[in-house]
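Below is one structure, written out as structure tokens; comments come after it.
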Amino acid sequence: QVQLVESGGGLVQAGGSLRLSCAASGRTFSTYVMGWFRQAPGKEREFVASISWKGGITSLPDSVKGRFTISRDNAKNTVYLQMNSLKPEDTAVYYCAAAFRGGQYYVTAIREEYAYWGQGTQVTVSS
């Protein structure tokens, strides 16, 4: 069992930045693939970023690539999402997730492969 708690969301103007944090407990953090997803009202949950066990491999979709960065600090059992150049379309609830499938080089954008989810943190980008 893994517990995930997100923090760092809030209201920011377009072009601004936020850093989201996700603190994990209950399982060996360093052997979990970690990811971020987001969900806007009326839309499906959307993949944002994934990072491998040791942080050496990351995956991000074109919609956020170049603006967002995912990282992790296994000593602190924490994964981060640095969001720069924010746009109104980035407005959503952002969820941290953990996947136990795959090996040390694995990253995944498949929602169903993430077994554990946080409660989410709201990010609102105003124009």
Side chain to side chain donor-acceptor pair (under 3.5 Å) partners of Arg19, counting only residues at least two apart: none
Any residue meeting side-chain contact (heavy atoms from CB on, under 4.5 Å) with Ser25, in chain and number order, not counting sequence neighbours: Gln3
Pairs involving residues 104-125, ordered by first then second residue, that meet salt bridge (Lys or Arg N to Asp or Glu O under 4.0 Å) (sequence neighbours left out): none
Val33 reachable from Leu4 in the ILVMFWY side-chain graph, under 4.5 Å edges: no
Contacts of type side-chain contact (heavy atoms from CB on, under 4.5 Å), residue Val107, not counting sequence neighbours: Ser50, Ser52, Ile57, Ser59
Sequence neighbours excluded - ring-ring contact (aromatic ring centres under 6.0 Å, His included) pairs with any residue from residues 31-73: Phe37-Phe47, Phe37-Tyr114, Phe37-Trp117
Residues in side-chain contact (heavy atoms from CB on, under 4.5 Å) contact with Ala14, at least two apart in sequence or another chain: Pro88, Val125
With Thr78 via side chain to side chain donor-acceptor pair (under 3.5 Å) - residues at least two apart: none
Residue pair Met83 / Val12, side-chain heavy-atom distance below 4.5 Å: no
Any residue meeting side chain to side chain donor-acceptor pair (under 3.5 Å) with Asn84, in chain and number order, not counting sequence neighbours: Ser17, Gln82
Heavy-atom neighbours of Gln1 CD exceed 12 at 6.0 Å: no
Partner set under salt bridge (charged side-chain N to carboxylate O under 4.0 Å, His left out) for Lys65, not counting sequence neighbours: Asp62
same_hphob_cluster(Tyr95, Leu20) at 4.5 Å side-chain heavy-atom cutoff: no
All side chain to side chain donor-acceptor pair (under 3.5 Å) counterparts of Thr124, not counting sequence neighbours: Gln122
Side chain to side chain donor-acceptor pair (under 3.5 Å) contacts touching residues 5-14 (sequence neighbours left out): none
Cluster overlap Tyr116 with Ile70, hydrophobic side-chain contacts below 4.5 Å: yes
Flag side-chain contact, heavy atom, 4.5 Å: Arg72 against Asn74: yes
Shortest non-hydrogen separation from Val93 to Gly120 and the atoms involved: CG1-CA, 3.8 Å
Heavy-atom pair with the smallest gap, counting every atom of Val2 and Ala98: CG1-CB, 4.4 Å
Closest non-hydrogen atom pair, Ser85 against Arg67: O-NH1, 3.0 Å
Option from Leu60, Thr69, Val79 for which side chain to side chain contact (heavy atoms under 4.5 Å, CB included) with Ile51 holds: Val79
By side-chain contact (heavy atoms from CB on, under 4.5 Å) - contacts of Ser71 (at least two apart): Tyr80
